[in-house]
Enquirer: 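One structure, as structure tokens, below. Some questions next.
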There are 2 protein chains.
Amino acid sequence: MEKLNVLVCDDDTAIVEALEIYLKQENYGVVKAHTGTQALKALSEQKIHLVLLDIMMPELDGLSTTIKIREELNIPIIILSAKSEDTDKITGLNFGADDYVTKPFNPLELMARVKSQMRRYTALGSLVSKSGLLKSGSLELDTEAKELRVDGEAIKLTATEYGIMLFLMKNMGHVFSTEQIYEHVWNEPSYSAENTVPVHIRRIREKIEINPREPKYLKVVWGIGYKIEKY
Amino acid sequence: MEKLNVLVCDDDTAIVEALEIYLKQENYGVVKAHTGTQALKALSEQKIHLVLLDIMMPELDGLSTTIKIREELNIPIIILSAKSEDTDKITGLNFGADDYVTKPFNPLELMARVKSQMRRYTALGSLVSKSGLLKSGSLELDTEAKELRVDGEAIKLTATEYGIMLFLMKNMGHVFSTEQIYEHVWNEPSYSAENTVPVHIRRIREKIEINPREPKYLKVVWGIGYKIEKY
DNA sequence: CTTTAATCTTAAGAAAATCTTAAAATTTTT
DNA sequence: AAAAATTTTAAGATTTTCTTAAGATTAAAG
């Protein structure tokens, strides 16, 4: 069973770290952020299954962040806040949050709520990104059908190949080292310097590139890593 | 659009009736119960989409009821209670409730929470659909007659087979894991790695595919799941 | 310009994971 | 009680994944 990742976003470092401890105890992966912008970036780069979001943050506040997340993703969001007035609760929930906990909170209660949301989440498998289509030129990744299309033609990918393409296409143009690719796609903390990522890269190239020797989409950056070229 | 039904269960008649008014305003169908036993009975007899459950009830209390419901169904449960101690909250959520609201509550907040749970529930459009015809090429699922047709020819499906086809065809083109299929079609919270979904898939293929070895409609995506191909 | 070291590409085969299928056991319905 | 439907079990087929290792390419140094 794959690990479930929780994104914790709060400008108060102490809270983030405390939550990290509790979440890790429950065997969740933890991704930390301190601003709404950071949170959105993390969401686009990594597979996140639930978001714990502070409402009072500098830069981009929690509610705006919630709205932005909802435009893209359908994952559970639990709002954390010092405000406890009813009106705020309603606002949070109606903006697309799934639950609302007021500070100071009992960490165990929060864990119970996380678990509750995760149960629903894994049950419905709603880990589906809404748009469903990631594009670069005539390269399209359909996250619903879990297939890749080149010039409209469907190409079968294996689960790992799909995972790599999903990661790279979500972050189109950004170069990632083999270690980074491995850690994100396999969702494991380390990569023991094996050759498995390059092998998968080659496989994908064979499937999607006209001439795998001179890749048009899946490019290497010598000494650094791989990326999907933006078109 | 089919109406979504809420089961309200509280021994306090006044509360049930108040909630009924609010829920009807939001266009939910309301089913009333005053004991846990009545609630269970209602659940087995009618299509209920969410449960509001008082924790302090004579006969069969709210938590025990929650457990019993969870053994059978995977619908959202919101616990209502006068107790507001943390320990109770935790207990409620861990027993399978999805949310917890303490009395006295603001009805608007409760409505927001109901809406929030319903949003998740209906996210995949998994249960609500206008009865009619779902089509993919020469494959037609008639949800009124509850029958499947291939090239106009009616094919008999068993209840389970029909359920699987309904789910997959409602979400045509979308790939689902066996776990997801199981949880949706059986409406149960977990699927303990058994083989029953693949067996049903095979049965369906035998009935609808010309060559079950090379399915045209019910396709596998290796390592990920199954889907109905869009035509 | 040549050499060297680092990095990437490619191939092939072994191991692991996943899917298919058949048949028997169980449960439910008729 | 019989029939039908569903679930479990388990073996075989297939596909995918990983590892190894050799060859090719690139960047940098002499």
Side-chain angles (χ1 to χ4, degrees), chain A residues 1-2 146-148 155-168 175-183 185-188 190-227, chain B residues 44 71-72 146-148 155-165 167-168 175-183 185-188 190-227:
Chain A
M1 181 70 176
E2 194 192 326
K146 311 265 187 219
E147 76 180 14
L148 189 71
I155 285 175
K156 267 193 193 168
L157 294 183
T158 70
T160 314
E161 289 163 4
Y162 176 81
I164 292 173
M165 285 306 281
L166 180 63
F167 174 58
L168 291 179
V175 180
F176 293 96
S177 69
T178 49
E179 283 83 0
Q180 289 177 311
I181 293 172
Y182 190 85
E183 282 157 17
V185 175
W186 277 251
N187 214 7
E188 275 171 26
S190 71
Y191 176 52
S192 44
E194 294 298 341
N195 194 28
T196 123
V197 172
V199 170
H200 284 291
I201 295 283
R202 183 189 160 262
R203 281 261 174 81
I204 296 170
R205 278 183 179 155
E206 233 170 31
K207 293 182 177 178
I208 70 172
E209 302 283 2
I210 298 164
N211 179 4
R213 288 294 182 85
E214 285 174 30
K216 186 181 159 195
Y217 301 111
L218 218 178
K219 297 204 165 168
V220 66
V221 177
W222 263 77
I224 303 182
Y226 300 91
K227 67 166 173 180
Chain B
S44 71
E71 284 170 7
E72 302 278 335
K146 307 252 188 234
E147 77 179 14
L148 188 71
I155 284 174
K156 266 193 192 170
L157 293 183
T158 68
T160 314
E161 288 162 3
Y162 177 81
I164 292 173
M165 285 307 282
F167 174 58
L168 290 179
V175 178
F176 294 95
S177 69
T178 49
E179 284 84 357
Q180 291 176 319
I181 293 172
Y182 189 85
E183 281 156 14
V185 175
W186 278 251
N187 210 11
E188 275 171 26
S190 72
Y191 175 53
S192 44
E194 293 299 342
N195 195 29
T196 124
V197 172
V199 170
H200 284 290
I201 295 283
R202 183 186 161 266
R203 284 259 175 76
I204 297 170
R205 277 182 180 156
E206 237 168 29
K207 293 181 176 177
I208 71 172
E209 302 283 3
I210 298 164
N211 180 3
R213 286 293 183 88
E214 285 174 29
K216 186 181 159 196
Y217 302 110
L218 218 178
K219 296 204 167 169
V220 65
V221 177
W222 264 77
I224 302 182
Y226 299 91
K227 68 168 172 179

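A note on names: the letters A, B, ... follow the listed sequences, proteins ahead of strands, and every chain is numbered from 1. From a predicted model like this one, the values you see are computed outputs, not experimental measurements.
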Enquirer: For A:Tyr162, answer base if it contacts any base atom (sugar-phosphate contacts may also be present), sugar-phosphate if it contacts only those atoms, and nothing otherwise; contact means non-hydrogen atoms under 4.0 Å.
Expert: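 Here A:Tyr162 touches no strand at all.
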Enquirer: If I take atom CG from residue A:Leu157 and atom CD1 from residue B:Ile224, how far apart are they, to the nearest 0.5 angstrom?
Expert: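 Nearest 0.5 Å value for the CG-CD1 distance: 8.0 Å.
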Enquirer: Walk me through whether A:Leu168 and A:Phe176 qualify under side-chain contact (heavy atoms from CB on, under 4.5 Å).
Expert: CA-CA 8 Å; A:Leu168 291 179; A:Phe176 293 96; 3.8 Å; yes
Enquirer: Applying salt bridge (Lys or Arg N to Asp or Glu O under 4.0 Å), name anything that partners B:Lys207, two or more places apart in sequence or on another chain.
Expert: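 Testing B:Lys207 for salt bridge (Lys or Arg N to Asp or Glu O under 4.0 Å), a comparison that skips the adjacent residues, returns B:Glu161.
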Enquirer: Between which nucleotides of DNA chain C, read 5' to 3', does contact with chain B run, using atoms under 4.0 Å from its heavy atoms?
Expert: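 Here the contact window of chain B covers C:dT18 to C:dA22.
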Enquirer: Which atoms form the tightest heavy-atom contact between B:Ile181 and B:Phe167, and what is the distance?
Expert: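 For B:Ile181 and B:Phe167, the tightest heavy-atom pair comes out as CA-CE2, 4.0 Å.
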Enquirer: Both B:Ile201 and A:Tyr226 contact DNA chain C. Which one's nearest nucleotide lies toward the 5' end?
Expert: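 The residue closer to the strand's 5' end, by nearest nucleotide, is A:Tyr226.
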Enquirer: Write out all pairs satisfying side-chain hydrogen bond (donor to acceptor under 3.5 Å, both in side chains) with one or both partners inside residues 210-224 of chain B, taking only residues at least two apart or from two chains.
Expert: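 Matches after skipping sequence neighbours: B:Ser138-B:Tyr217.
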Enquirer: As an exercise, state the distance from CZ of B:Arg203 to CD1 of B:Ile164, rounded to the nearest 0.5 Å.
Expert: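 Taking CZ in B:Arg203 and CD1 in B:Ile164, the distance rounds to 10.5 Å.
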Enquirer: Do B:Leu148 and B:Lys156 have side chains that approach each other closer than 4.5 Å (heavy atoms only, starting at C-beta)?
Expert: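 They are not in side-chain contact.
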Enquirer: Sort me out a list of protein N/O and nucleotides 12-18 of chain D N/O pairs below 3.5 Å, or just none if empty.
Expert:
residue, atom, partner, partner atom, Å
D:dT17, OP1, A:Thr160, N, 3.0
D:dT17, OP1, A:Thr160, OG1, 2.3
D:dT17, OP2, A:Thr158, OG1, 2.3
D:dT17, O5', A:Thr160, OG1, 3.2
D:dC18, OP1, A:Trp186, NE1, 2.9
D:dC18, OP2, A:His200, NE2, 2.9

Enquirer: Once side chain to side chain contact (heavy atoms under 4.5 Å, CB included) is applied, do any residues pair with A:Arg205, and if so which ones, sequence neighbours excluded?
Expert: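 Partners of A:Arg205 by the side chain to side chain contact (heavy atoms under 4.5 Å, CB included) criterion, ordered by chain and then number, come out as A:Ile201, A:Glu209, A:Pro212, A:Pro215, A:Leu218, A:Val220, A:Tyr226.
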Enquirer: So if I take the C1' atoms of five pairs at each end of the helix from C:dC1-D:dG30 to C:dT30-D:dA1 and get each local axis, what angle do the two axes make, rounded to 10 degrees?
Expert: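 Computed angle between terminal axes is 30°.
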Enquirer: Could you give the CZ-to-P distance, from A:Arg205 to D:dT25, as a whole number of Å?
Expert: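 Taking atom P of D:dT25 as the reference, CZ of A:Arg205 is at 13 Å.
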Enquirer: In this structure, how many angstroms lie between the P atom of D:dT7 and the CD1 atom of B:Ile204, rounded?
Expert: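 Interatomic distance, CD1 of B:Ile204 to P of D:dT7: 12 Å.
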Enquirer: Rounded to the nearest 0.5 Å, how far apart are CD1 of B:Ile155 and CD1 of B:Ile204?
Expert: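 Spacing of CD1 (B:Ile155) from CD1 (B:Ile204) equals 11.0 Å.
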Enquirer: Please report the closest heavy-atom contact between B:Glu147 and B:Tyr162, naming both atoms and the distance.
Expert: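 Heavy-atom minimum between the residues: N-CE1, 4.2 Å.
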